[in-house]
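As structure tokens, the structure follows; a few thoughts come after it.
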Amino acid sequence: MSDPIPRLNARATASRLFALLGFGAVLAALASGTAADPPRAVPKETLVDGKPLFADWPKDQKPDATLVLTGQTFGYLQPCGCSRPQTGGLERRAYFIDQLKKKGWPVAGVDLGDLYPEKVAVREQGTLKYVAAMNALREMGYIAVGVGETELKGGLDELLGNYIVQKEQPPFTLAGNIVGPGVDATGKPVLFPREQRFRPGAGKRPIVELTEVADVGGVPVGVAGVVGNPLAVLAREKKFDTSIDFAKPQDALVAARDALAKHPKKPRLNVLIYQGSMADAQSVAKNFPEFNVILCQASDALPPLKPNYVNTTAGTTAIVEVGHKGQHVGVVGAFKKPGGGFELRYQLVPLGEEFNQPGTDAEAFQKNKALQSLQWYAERVKKDIVLGKDYPRTLHAAQIHAAELKPKGVSLRYVGSEACKACHQAEYKKWADVDPDEKSLAHSHAMKSLEKYAHRPNLRQFDGECVKCHTVGFNHSTGYEDEKKTPQLKNVGCENCHGPGSGHVADPKNKQLTELLSQWKQGLAPAPGQNAIRLPDKAFMEKMAKLGPEERGKMAQPPATQLLINRVSAMCMECHDHDADPHFDIYKNWAKIGHSGLAPPGGWPAVAPKP
């Protein structure tokens, strides 16, 4: 079935991109580069589907309550910064919310959950991300946050314990049907109710609640949280956390509806945080019309432009998806109707560069509390997680294959690009040459972009999630540890692509060791008439760089050559991925690093000369 809701589309036409991002942002997209590039045009006004924000909202009336809806951030606290433009980030979200408040709008936030990363190399770093995100949400005025799959995988007790500690503070965590499996005094299996499983001590509220009610501009807003059955079943089957189980969502929904109806503050606008699909949320809306807004899981990273409106016995319920990774926020405005109730308006907002906190870094940190949370996170990562010790390492494919060579026992190590210089002088020069004005930083100065240009927050050169793509071999045995222990492996060098080179340096004439430096060629045979499998020449790559996808598809290449291009591109995209560099194009980027790969003049020496 086709999606009936207009959705942001990654394959949108150029005109749609202009409508979505604004002219200035598209110009930036066409001229993407590194964080050290000169300033680009930032759109003066955010356009969504060709219209300014809130264009369809009443012009002569402020919303009586405004809700900012987010979810499934997956640990993406901010854009990488290695390529522009990119969307998302807590700094921009906080600035956007602050701008709404300056309009005189009463604002509060509600988050679906899945703040914790989907994947994290060091568990403690995931916890720090969660706490930093929760601290930022609190400063933005969030009422409540749900519990998602990533929180269950990350250890809900540990995450909540690190955030709440001994202090009850918003945003409060809501998951009404969460329970604790155990045994009673007779040894019979029982399910301890949420209030008992998550009660920290006498006289304190449960750490995980069913509902929360807050005053937003004089409007009592009730929020409930429930985990849908598919996630409950998955968590049970995959044993995300055996100390947690889930009661029937239906029972929790009934309890939430009744609790809000009986609440002394008498909420007039009810929101449901529902960890379930759009299809399930539609069923919930029909059976529980008391909820005016349902925030559910996004089926796509790019969210719909509008909610899915469901007609109920009590009126209309808006079911909202906001996409993934915090790139967008949904805004619901509630306007009082003369006869009672509210008229709801919705606006999807892509968090582009126009929402960066204005001013100097010092001014931005003073005004933007989310930035303070990000700096706290960066400082804790530097203090608590050791680059060369705590991040896991694996053997590089070349190291595995080398150990199988005869005579067995060959052990490859990373040696640094200086060891390649004596034989590969032309390649080394191309690698080492840097724009004297440093308007764009080459691979040979990759760490400088973290040390000198990364700010808001700084200290990124101590964060392994950044360092892995700015040094040699960080993820592998004998790779970069830190500036003192492995200074020769600082920055991106020859071995990022070719793998550890100690074997080739020690024995340049060894054909097997030389072949290990081109892992992407394994299993490929040269085309008829060719001596070796090679990438196309520079002229072809430059020609392809100027063509669109359809025209490129018409350029015939031998299958092995095309597969080689794909393999090399995939290798580059281990760092130049959709998060760090969404505009990466192997054809456009190859000219910057392309080199011969041939033996030096005179052939390989018996022993490599010293650099």
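Looking only at side-chain heavy atoms (C-beta outward), Arg93 and Phe355 stay at 4.5 Å or farther from each other. Within the 4.5 Å cutoff, side-chain heavy atoms of Pro536 are placed close to those of Ile565.
A donor-acceptor pair under 3.5 Å is formed between the side chain of Asn491 and the backbone N or O of Ala446. Formation of a donor-acceptor pair under 3.5 Å by the Arg567 side chain with backbone atoms of Trp520 is found in this model. Although no hydrogens or angles enter the test, the distance criterion places no donor-acceptor pair under 3.5 Å between the side chain of Arg393 and the main chain of Ser477. Between the side chain of Glu91 and the main chain of Gln357, a donor-acceptor pair closer than 3.5 Å is present. For Glu151 (side chain) and Leu115 (main-chain N/O), a donor-acceptor pair under 3.5 Å exists by modelled atom type. A side-chain donor-acceptor contact under 3.5 Å links Ser417 to the backbone of Cys494. Counting only distance, with no hydrogens or angles, the side chain of Gln275 and the backbone of Gly146 share no donor-acceptor pair below 3.5 Å. Judged by distance alone, with hydrogens and angles left aside, the side-chain atoms of Tyr346 form no donor-acceptor pair with the main-chain N or O of Pro307 at under 3.5 Å. Between the side chain of Arg460 and the main chain of Leu450, no donor-acceptor pair closer than 3.5 Å is present. The closest donor-acceptor contact from the side chain of Asp98 to the backbone of Ala94 lies at 3.5 Å or more, if one exists at all.
Ring-plane geometry between Tyr414 and His396 is classed as perpendicular, the angle between the planes exceeding 60 degrees on a 0 to 90 degree scale with a lower cut at 30. Ring orientation note: the planes of Tyr587 and Phe540 are nearly perpendicular, at an angle over 60° on the 30°/60° scale.
Here Thr486 pairs with Tyr480, Glu481, Gln488, Leu489 under the side-chain contact (heavy atoms from CB on, under 4.5 Å) rule; sequence neighbours left out. A search for ring pair (Phe, Tyr, Trp, His ring centres under 6.0 Å) contacts involving Trp590 returns nothing, not counting sequence neighbours. Residues forming a salt bridge (charged side-chain N to carboxylate O under 4.0 Å, His left out) with Lys325 (at least two apart in sequence, or on another chain): Asp579. In this structure, Asp577 has no side chain to side chain donor-acceptor pair (under 3.5 Å) partners at least two apart in sequence or on a different chain. Not a single side chain to side chain donor-acceptor pair (under 3.5 Å) links Glu495 to another residue, sequence neighbours left out. Under the ring pair (Phe, Tyr, Trp, His ring centres under 6.0 Å) criterion, His470 pairs with no residue at all, not counting sequence neighbours.
Counting heavy atoms of neighbouring residues, nucleotides and ligands inside a 6.0 Å radius, atom NZ of Lys538 does not exceed 12 of them. Within a 6.0 Å sphere centred on CD of Gln99, heavy atoms belonging to other residues, nucleotides or ligands number more than 12. No more than 12 heavy atoms of other residues, nucleotides or ligands shown are found within 6.0 angstrom of NE2 on His578.
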Could you please spell out the steps behind the side-chain contact (heavy atoms from CB on, under 4.5 Å) verdict for Ile385 and Tyr391?
-> CA-CA 8 Å; Ile385 305 177; Tyr391 291 91; 3.5 Å; yes
Should Lys153 and Glu149 be marked as a salt bridge (Lys or Arg N to Asp or Glu O under 4.0 Å) after you check the CA-CA gap, both sets of side-chain angles, and the distance that decides it?
-> CA-CA 6 Å; Lys153 290 180 177 178; Glu149 179 179 337; 2.8 Å; yes
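A salt bridge is absent between Lys383 and Glu379; no separation between the charged side-chain nitrogens and carboxylate oxygens falls under 4.0 Å. Salt-bridge annotation for Asp49 and Lys306: absent, with no side-chain N of the basic residue lying under 4.0 Å from a carboxylate O of the acidic one.
Here the shortest heavy-atom pairing between Gln519 and Ala397 reads OE1-CB, 3.6 Å. Across Val322 and Pro303, no two heavy atoms sit closer than the pair C-CB, 3.5 Å. The minimum heavy-atom distance between Pro52 and Gln347, with the atom names listed, is O-OE1, 4.3 Å. Heavy-atom minimum distance, Pro117 versus Lys129: CG-CD, 3.8 Å. Heavy-atom minimum distance, Cys572 versus Phe584: CB-CZ, 3.5 Å. In terms of heavy atoms, Pro392 sits closest to Val122 at CD-CG2, 4.4 Å.
For the residue pair Gln125 and Asp463, a side-chain donor N or O sits within less than 3.5 Å of a side-chain acceptor on the partner.
Taken together, Cys469 and Cys575 meet the criterion of an SG-SG distance shorter than 2.5 Å.
Rounded to the nearest 0.5 angstrom, Leu351 CG and Leu90 CG are separated by 9.5 Å. Residue Leu302 holds its CG atom at 6.0 Å from NE2 of His328, rounded to the nearest 0.5 Å.
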